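This one's a predicted model, so the numbers in the text were calculated from it and none came from an experiment. The figures here come from the full heavy-atom set of this structure, side chains too, leaving out hydrogens, waters and symmetry mates. Throughout, protein chains are lettered first and strands after them, A, B, ... in sequence-line order, and every chain is numbered starting at 1.
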2 protein chains.
Amino acid sequence: MTDPIRQTVLKKLTNGDFNCEKEFTLSMFSGKYKLVILWELGHVSEMHFNELYRLIDHVTKKVLANQLRELVSDQLIKRTAYERNNQKLVIYQMTEIGESLLPIIDQMYEWGKQRLNAYQIPAAFKLDVAGDISKDA
Amino acid sequence: MTDPIRQTVLKKLTNGDFNCEKEFTLSMFSGKYKLVILWELGHVSEMHFNELYRLIDHVTKKVLANQLRELVSDQLIKRTAYERNNQKLVIYQMTEIGESLLPIIDQMYEWGKQRLNAYQIPAAFKLDVAGDISKDA
DNA sequence: CGGTATCCCCGAAGATACTG
DNA sequence: CAGTATCTTCGGGGATACCG
């Protein structure tokens, strides 16, 4: 797997499934948990599989593994395996390319926050969000 | 239908299906043709249904109607029906809220362009893109 | 710890035909 | 012109169990 861009994406490109480069960008983070993963990895230097697994509500290992695999093959994050005390460990961390995406994600966060505030979203949601990395209480 | 936010989105909000406000933002344009629609409407003052239909490759009327309906109910675009010479006409145009999303879409366009250039995407795609509203030839 | 392997489901999108 | 109405397909994601 030396492909610079994920196979499916390439296929879509050649098929003309993307109308434009913005759809290409969209495809980078359109998986259900990709934004959270990028967000979290954008705030710490590294993370283990199970850390992410525990952090992200309701995700299954299979799906998480999948999202991570795609993010890796899109070169937004990188995976490093090593060993300590006969224990196999793996860390995930952002690449530069992944980091270059963070400003966009930040803007998405801000836009959503503005918009949700404007409509007084039910407390149920606000509680849920409190678990996320938001500075304001 | 006086709902400020689309039902499905609202349901997801109350269910806690969104981990964060960035996922909410994502849901605004994650339909297959929403980015193009917003992009096009962002560059002209208004557009008819069939103009969009002809402009967007491979979309079916059903799907286009669906995407438009959701964009309307998310208040990103607005729909106006009127009559001329016994002909029913409809125009779609951006709302202020929709326009506030354009900077993000622009950034997505730029990011994708950078990234695709870095990998010399096949000419087939570049031709496809040429049909889009891009200033550079 | 860091994943696979199966089986299943559901909803978005496609194909095609029709309408006021 | 601006859509509906059906029927079908497809694949991302969920549930659960197992593995080195």
- Query: Which pairs count as salt bridge (charged side-chain N to carboxylate O under 4.0 Å, His left out) when at least one residue sits in residues 79-94 of chain B, sequence neighbours excluded?
  - Reply: B/E83-B/K88
- Round to a whole Å and report the spacing from CD of B/Q87 to P of D/dG3. 13 Å
- Message: Tell me whether B/E70 is salt-bridged to B/R6, with the criterion being a basic N under 4.0 Å from an acidic carboxylate O.
- Response: yes
- How many angstroms lie between atom CE of A/M108 and atom CG of A/L101, to the nearest 0.5 angstrom? 9.5 Å
- Item | Between D/dC1 (C1') and B/M47 (CE): distance, integer Å | 16 Å
- Distance (rounded to the nearest 0.5 Å) between B/I105 CD1 and B/L38 CG: 4.5 Å
- Query: Looking at SG of A/C20 and CG of A/L26, how far apart are the two atoms once the value is rounded to the nearest 0.5 Å?
  - Reply: 11.5 Å
- Task: Specify the separation, in whole Å, of atom CG of B/L55 and atom C1' of D/dC1.
- Result: 17 Å
- Who passes side-chain contact (heavy atoms from CB on, under 4.5 Å) against B/S45, sequence neighbours left out? none
- Message: Tell me the interatomic distance from A/K88, atom NZ, to D/dG20, atom P, rounded to whole angstroms.
- Response: 14 Å
- Task: Check the distance between D/dG13's C1' and A/L35's CG and give it to me in whole angstrom.
- Result: 16 Å
- Got a sec? Which of residues 61-69 of chain B come in under 4.0 Å of DNA chain C, heavy atoms? B/K62, B/V63, B/Q67
- Query: Touch check for B/R79, heavy atoms < 4.0 angstrom, all strands: base, sugar-phosphate only, or nothing?
  - Reply: sugar-phosphate
- Message: Could you spell out the base pairing of DNA chain C as a dot-bracket line? Use Watson-Crick and G-U wobble contacts where both distances are under 3.5 Å, [ ] for crossing pairs, | for partners on a different strand.
- Response: ||||||||||||||||||||
- Query: With no hydrogens and no angle check, is any side-chain donor or acceptor of B/T95 less than 3.5 Å from a backbone partner on B/K78?
  - Reply: no
Distance-only donor-acceptor pairs under 3.5 Å for side chains of residues 46-56 of chain B, two or more places apart:
from: B/H48; atom 1: ND1; to: B/V90; atom 2: O; distance (Å): 3.1
from: B/E51; atom 1: OE1; to: B/H48; atom 2: N; distance (Å): 2.9

- Note on the structure: With sequence neighbours left out, the residues meeting side chain to side chain donor-acceptor pair (under 3.5 Å) with B/S100 are A/W111
- For A/Q67, the side-chain contact (heavy atoms from CB on, under 4.5 Å) test, sequence neighbours excluded, returns A/Y33, A/K34, A/I37, A/V63
- Message: Can you tell me if B/R54 touches the phosphate of D/dC1, counting only side-chain N or O atoms and a distance under 4.0 Å to OP1 or OP2?
- Response: yes
- Task: Mind calculating the distance between CG (B/L26) and C1' (D/dG12) to the nearest angstrom?
- Result: 14 Å
- Item | A/M28 side, atom CE; A/Q75 side, atom CD - distance, nearest 0.5 Å | 9.5 Å
- Message: Counting only side-chain nitrogens and oxygens, does B/Y92 get under 4.0 Å of the OP1 or OP2 atom of D/dG3?
- Response: yes
- Between atom CD in B/E46 and atom P in D/dC1, what is the gap in whole Å? 15 Å
- Message: Nearest 0.5 angstrom please: B/K22 NZ to A/E110 CD, how far?
- Response: 12.0 Å
- Specify the residue among A/S30 and B/L89 whose closest nucleotide of DNA chain D lies further upstream toward the 5′ end. B/L89
- Hey, where on DNA chain C does chain B first and last touch, going 5' to 3'? Cut-off is any atom under 4.0 Å from a heavy atom. C/dA13 to C/dA15
- Query: CZ of A/F29 versus P of D/dG12: gap in Å, rounded?
  - Reply: 17 Å
